[in-house]
There are 2 protein chains.
Amino acid sequence: MRIGELAQASGTPIETIRFYEREGLLPAAARTEGKYRIYAPQHANRLAFIRQCRSLDMTLDEVRVLLRFKDQPLADCGEVNCLLDEHISHVAERIQALRALEKELRALRSACPVPHTAADCGILQGIDHAGAKPAAASKRHVRGAH
Amino acid sequence: MRIGELAQASGTPIETIRFYEREGLLPAAARTEGKYRIYAPQHANRLAFIRQCRSLDMTLDEVRVLLRFKDQPLADCGEVNCLLDEHISHVAERIQALRALEKELRALRSACPVPHTAADCGILQGIDHAGAKPAAASKRHVRGAH
DNA sequence: TGAAAACCCTGAAGTGGGTATAGAGTCAAG
DNA sequence: CTTGACTCTATACCCACTTCAGGGTTTTCA
């Protein structure tokens with residue numbers, strides 16, 4: 001199958017497939033005389049695995065680790081379990097952080113129930129007088145709100 | 001005060017302060033003969049506001065909007081309220097998405113309670129056989145898990 | 001006084017995980 | 001034989017910084 005077909009079948013943009021190849025996540029495809037990439041079913045399987053991992057919000061580095069294990073069927077999968085445990089922790093931490101953030105934002109929002117002038121806006125004043133929280137400072141594994 | 005002092009006082013890396021100046025979030029500072037930036041207390045206040053917004057996980061574009069209102073004290077602050085409402089929505093949505101993700105990850109984790117070989121690992125098999133979810137596909141305002 | 005240390009400058013490139021573009025080549029149908 | 005759909009490579013862009021290279025300035029201390 002050609003790249004467009006694979007893209008269609010997997011729900012992955014063509015550019016993303018080429019990007020995964022460049023990144024070494026997908027092995028280089030065979031080529032036709034005209035340099036078109038030709039994919040076998042194994043490629044489709046591997047791509048589906050990668051996309052599934054990404055839909056679970058794993059980084060490409062984490063995906064690389066899992067792919068390495070898939071390629072070494074006799075290896076002990078303890079590291080896979082660890083990776084997943086850590087990923088779950090990161091997600092749980094991020095949820096906690098976002099919950100705290102939501103609370104803070106709702107408190108801030110309540111400071112201006114009805115629009116006034118900017119000078120009197122309880123939100124703008126609230127941001128000014130809030131003590132700096134270390135919320136966004138730490139390096140995080142799980143992305144923020146955007 | 002010089003840039004290092006402002007960095008210390010605000011808990012902001014020096015490079016980030018220069019970056020905010022380049023981005024137009026902070027007005028250009030006065031300079032000494034030797035081209036060192038010199039900051040007045042207003043700069044410190046403005047920087048604190050920006051950092052507070054960032055700790056609330058707002059984008060720099062959102063911060064720009066809020067700063068515009070701070071600079072126009074007579075404007076109606078309705079847009080500020082809107083911006084905050086939308087930001088809160090984004091955060092709430094992200095929390096929901098991450099909760100679903102956590103659940104999925106925990107289910108996956110339970111498929112391999114004790115380490116085996118990679119070939120028998122319930123996690124690797126689970127990723128293979130899971131139907132593709134649209135989780136990571138949508139454009140999001142609030143970051144994921146990393 | 002002079003040298004070392006601490007501070008600061010600019011400009012460019014890198015991060016992650018793609019997305020978008022330009023400009024060209026390839027292939028199938030009519 | 002031409003049109004249009006498909007594909008190719010290479011490059012730039014997104015965000016919010018961070019890091020680096022290669023200098024210049026100011027302070028401190030012997």
Side-chain angles (χ1 to χ4, degrees), chain A residues 1-26 28-39 47 50-65 67 87 90 135-146, chain B residues 1-26 28-39 47 50-65 67 87 90 135-146:
Chain A
M1 67 200 317
R2 299 201 306 199
I3 197 167
E5 214 175 332
L6 179 59
Q8 199 76 20
S10 65
T12 309
I14 290 176
E15 301 82 8
T16 301
I17 296 175
R18 290 196 281 244
F19 169 75
Y20 288 159
E21 181 181 316
R22 270 201 309 283
E23 291 293 302
L25 291 159
L26 281 176
R31 300 290 183 122
T32 65
E33 282 184 13
K35 297 192 177 179
Y36 282 21
R37 289 175 179 80
I38 294 296
Y39 293 98
L47 178 57
I50 295 167
R51 296 301 279 180
Q52 185 62 27
C53 290
R54 290 290 301 133
S55 88
L56 294 173
D57 225 343
M58 295 175 190
T59 63
L60 293 189
D61 273 345
E62 287 170 328
V63 179
R64 266 181 264 270
V65 171
L67 285 172
H87 185 47
H90 288 310
S138 69
K139 291 178 184 176
R140 46 189 176 216
H141 176 61
V142 176
R143 293 194 289 277
H146 297 282
Chain B
M1 65 198 318
R2 298 200 309 198
I3 197 169
E5 214 175 331
L6 178 59
Q8 198 76 21
S10 66
T12 309
I14 289 175
E15 301 81 9
T16 302
I17 296 175
R18 288 196 282 243
F19 168 76
Y20 288 159
E21 180 180 317
R22 269 202 308 284
E23 290 293 303
L25 291 159
L26 280 176
R31 300 291 183 120
T32 66
E33 281 184 12
K35 297 191 178 179
Y36 282 22
R37 289 175 180 82
I38 294 296
Y39 293 98
L47 178 56
I50 295 167
R51 296 302 277 178
Q52 183 62 28
C53 290
R54 290 291 300 131
S55 87
L56 294 172
D57 226 342
M58 295 175 189
T59 63
L60 294 188
D61 273 345
E62 288 170 327
V63 179
R64 265 181 264 269
V65 172
L67 284 173
H87 185 46
H90 288 310
S138 69
K139 289 178 185 176
R140 48 188 175 219
H141 174 62
V142 175
R143 293 193 289 278
H146 297 282

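Order of the sequence lines sets the chain letters (A, B, ...), proteins ahead of strands, with each chain counted from 1.
- For the residue pair B/Pro13 and B/Ala7, the shortest heavy atom distance occurs at C-CB, 4.4 Å.
- At whole-Å resolution of the value, CD1 in A/Ile38 and C1' in D/dC8 are 13 Å apart.
- Within residues 14-26 of chain B, the residues having any heavy atom closer than 4.0 Å to DNA chain D are, in order of number, B/Glu15, B/Thr16, B/Phe19, B/Tyr20.
- Residue whose closest nucleotide on DNA chain C sits further toward the 5' end, between B/Arg37 and A/Arg64: B/Arg37.
- As rounded to whole Å, 18 Å separates atom C1' of D/dT26 from atom CE of B/Met1.
- In this structure A/Thr12 satisfies the side chain to side chain donor-acceptor pair (under 3.5 Å) test together with A/Ser10, A/Arg51, sequence neighbours excluded.
- Residues B/Thr59 and B/His87 have side chains not in contact (no heavy-atom distance under 4.5 Å, counting atoms from C-beta outward).
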Taking only nitrogen or oxygen atoms into account, show me every contact under 3.5 Å that the protein makes with nucleotides 26-30 of chain C, one pair per line with its distance.
unit_1	atom_1	unit_2	atom_2	d
C/dT26	O4'	A/Tyr36	OH	3.4
C/dT26	O2	A/Tyr36	OH	3.0
C/dC27	OP1	A/Gly34	N	3.4

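- For A/Phe19, the side chain to side chain contact (heavy atoms under 4.5 Å, CB included) partners at least two apart in sequence or on another chain are A/Arg22, A/Glu23, A/Leu60.
- Judged as a side chain to side chain donor-acceptor pair (under 3.5 Å), and not counting sequence neighbours, A/Arg2 has no contacts.
- The shortest non-hydrogen separation linking B/Asp57 to B/Glu62 is O-OE1, 4.5 Å.
- One atom, CG of B/Asp61, and another, P of D/dC14, lie 11 Å apart when rounded to the nearest Å.
- Rounding to whole angstrom units, CD1 of residue B/Ile3 and P of D/dT25 are separated by 17 Å.
- Residues that satisfy the ring-ring contact (aromatic ring centres under 6.0 Å, His included) test with B/Tyr39, not counting sequence neighbours, are B/His43.
- Residues meeting the salt bridge (charged side-chain N to carboxylate O under 4.0 Å, His left out) test with A/Arg31, sequence neighbours left out: A/Glu21.
- One finds no side-chain N or O of B/Arg31 lying less than 4.0 angstrom from the OP1 or OP2 phosphate oxygen of C/dC8.
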